[in-house]
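Below you'll find the structure, written out as structure tokens, and then a few comments.
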Amino acid sequence: MKNMQTSGSIVVIAEHFEGEIRPITYELVHFAETLQQFSPAPIKILVLDERAETLAKSLARTTGKDVLGLRAPQLAQYNGQVYTSILHEILRDHPPLYVCIGHSSRGSDYAPGLAMRLKAACITGVSALSVQEDMICFSRDVYGGKINADMVSNTETTVLTVQPGSYGPAPDRDLPKGNVCLKSMTVSPQTSTTLSTTPFQTSDLDFSAARVIVSAGRGIGEEENLELIRDLASVIPQSVVCGSRPVIDLGWLTYDRQIGVTGATVTPDLYLACGISGAAQHVSGMKGSGFIVAINTDPMAAIFNLSDICIVEDLKTFIPVLLEALSNKR
Ligand SMILES: Cc1cc2nc3c(=O)[nH]c(=O)nc-3n(C[C@H](O)[C@H](O)[C@H](O)COP(=O)(O)OP(=O)(O)OC[C@H]3O[C@@H](n4cnc5c(N)ncnc54)[C@H](O)[C@@H]3O)c2cc1C
């Protein structure tokens with residue numbers, strides 16, 4: 001394919017680092033497919049890189065979507081101005097309906113500037129979408145998760161940044177691979193140059209593979225009681241241990257395990273909240289869980305308002321009993 005038009009399409013901007021596609025890219029594809037159900041339009045992926053060919057081919061194979069690889073020597077290192085300039089040049093003559101970007105540090109860096117140059121609305125931190133009165137509404141948290149706002153766009157093109165963890169990757173399917181188109185870009189001199197980049201904090205955690213999250217809150221009382229939480233996770237397949245911010249601030253768990261507005265957003269099948277009060281900043285990161293079980297000594301704890309099962313009990317009493325019941329069952 002010689003050219004690839006983006007007019008009237010849903011465009012996903014791939015995120016990558018050190019030759020690897022970042023998981024948020026696959027979430028964006030899943031988000032775009034959900035959006036496509038309300039706004040039927042072809043999905044195109046754009047990947048920007050010094051060479052772009054390998055990444056573009058890999059994306060076309062794994063997602064089944066058409067991929068446009070945009071290459072320029074200035075893309076050897078990420079630079080927000082270069083991204084904005086290239087994307088503006090590609091998209092201005094063939095305006096897409098939507099541009100989907102990760103709500104990551106990079107996405108937050110270039111999405112607003114791109115929206116401004118495209119004269120597009122920019123809705124950031126989107127965690128869900130719905131249709132109300134024939135309008136597509138994008139939900140995002142405001143005031144640190146205390147309020148959920150539904151927003152609509154009034155412009156031809158809308159730039160969206162999507163909260164990581166809100167959608168998960170698209171389900172596995174056998175798809176024919178998409179077309180790949182490569183285009184070399186000329187970038188005019190920018191006012192900033194990236195000298196170096198520091199790798200992301202690496203983590204062995206894969207939230208998308210975790211079907212169960214066992215989460216510890218300040219109510220565990222002491223670091224030693226984390227063992228109870230780990231014991232519980234160890235008997236539940238595909239589970240990981242996470243926590244609320246106080247547990248991370250105390251250094252009992254590492255930051256990559258923090259759930260909430262300043263941590264990860266997760267959507268497991270089952271979320272077990274152990275000694276967590278349900279503050280808005282925590283709930284913001286786990287309210288999309290399939291089934292929520294909370295253990296708390298306080299019957300008035302806010303976490304119970306969104307729990308499917310509410311256990312009013314001391315977790316140090318309840319978890320050993322649960323572990324024994326589970327081991328008898330096995
Ligand atoms: C800007 C900002 C960003 C923030 N970001 C985040 C974030 O990303 N994630 C996050 O989690 N928080 C975040 N917070 C903090 C948030 O406001 C809450 O303070 C925090 O979530 C409370 O954590 P918790 O529920 O573990 O602790 P607490 O609110 O202290 O609740 C502990 C709970 O444990 C119960 N309990 C006590 N003992 C037991 C027991 N033995 N058995 C069972 N239950 C027991 C208590 O009844 C209580 O409900 C943020 C705050 C701000 C201001």
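Remember, it's 1-based here, ligands and their atoms both numbered in the order they're listed. Heavy atoms only: backbone and side chains are in, while hydrogens, waters and symmetry mates are out.
Atoms of ligand 1 lying under 4.0 Å from at least one heavy atom of D314, given by number and element, are 40 (C), 41 (N), 42 (N). Proximity to A279 (heavy-atom distance under 4.0 Å) selects the following atoms of ligand 1: 16 (C), 17 (O), 18 (C), 21 (O). Near K316, meaning under 4.0 Å from one of its heavy atoms, ligand 1 places the atoms 41 (N).
Scanning G275, G217, A280 for the heavy atom closest to atom 32 (C) of ligand 1 points to G275. For atom 16 (C) of ligand 1, the nearest non-hydrogen atom from the set Q281, R245, E313, H282 comes from Q281. In this structure, of S244, A301, A273, G263, the residue bringing a heavy atom nearest to atom 24 (P) of ligand 1 is S244. Nearest-residue assignment for atom 22 (C) of ligand 1 (options S284, A302, P246; heavy-atom criterion): P246. Closest to atom 49 (O) of ligand 1 by heavy atom, among V247, T297, N296, D298, is N296. The option from I220, D249, T262 that lies nearest to atom 5 (N) of ligand 1, judged by heavy atoms, is T262.
The aromatic rings of Y167 and H30 sit perpendicular, their planes meeting at an angle over 60°, well past the 30° parallel limit. Relative ring orientation between F31 and F138 is described as tilted, the plane-to-plane angle lying within the 30° to 60° band.
Among S9, C181, P96, the single residue meeting the side-chain contact (heavy atoms from CB on, under 4.5 Å) criterion with K44 is S9.
The environment of CZ in R117 is crowded: more than 12 heavy-atom neighbours from other residues, nucleotides or ligands sit within 6.0 Å. Around CE of M116, the count of heavy atoms belonging to other residues, nucleotides or ligands within 6.0 Å does not exceed 12.
Of the protein's heavy atoms, G219 O, 3.4 Å lies nearest to atom 40 (C) of ligand 1. Among all protein heavy atoms, the one lying closest to atom 28 (P) of ligand 1 is S277 OG, 3.6 Å. From the protein, the heavy atom lying nearest to atom 30 (O) of ligand 1 is R218 NE, 2.8 Å. Ranking the protein heavy atoms by distance from atom 9 (N) of ligand 1 puts I259 O, 2.8 Å first. The single protein non-hydrogen atom nearest to atom 7 (C) of ligand 1 is Q258 NE2, 3.3 Å, given as residue, atom name and distance. Closest protein heavy atom to atom 42 (N) of ligand 1: L315 N, 2.9 Å.
Side-chain atoms of D150 do not come within 3.5 Å of backbone N or O of C137 as any donor-acceptor pair. When atom types are taken as modelled, the side chain of S284 and the backbone of Q281 share no donor-acceptor pair closer than 3.5 angstrom.
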Does T25 form a side-chain hydrogen bond (donor to acceptor under 3.5 Å, both in side chains) with E15? I'd like the steps, not just the answer.
CA-CA 6 Å; T25 306; E15 186 162 324; over 6 Å; no
Could you walk me through whether E224 and K316 satisfy the salt bridge (Lys or Arg N to Asp or Glu O under 4.0 Å) test, starting with their C-alpha distance in whole Å, then the side-chain angles of each, then the deciding distance to 0.1 Å, before giving a yes or no?
CA-CA 11 Å; E224 291 73 62; K316 297 190 289 297; over 6 Å; no
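For ligand 1, the polar-atom distance check finds no N/O of G243 at less than 3.5 Å from any of the ligand's N/O atoms.
Proximity of the aromatic rings of F291 and Y271 is defined here by a centroid distance below 6.0 angstrom, and this criterion is not met.
Heavy atoms of G285 stay at 4.0 angstrom or farther from ligand 1.
At a cut-off of 3.5 Å, with distance as the only test, a side-chain donor of S153 or T155 sits close to an acceptor on the other residue.
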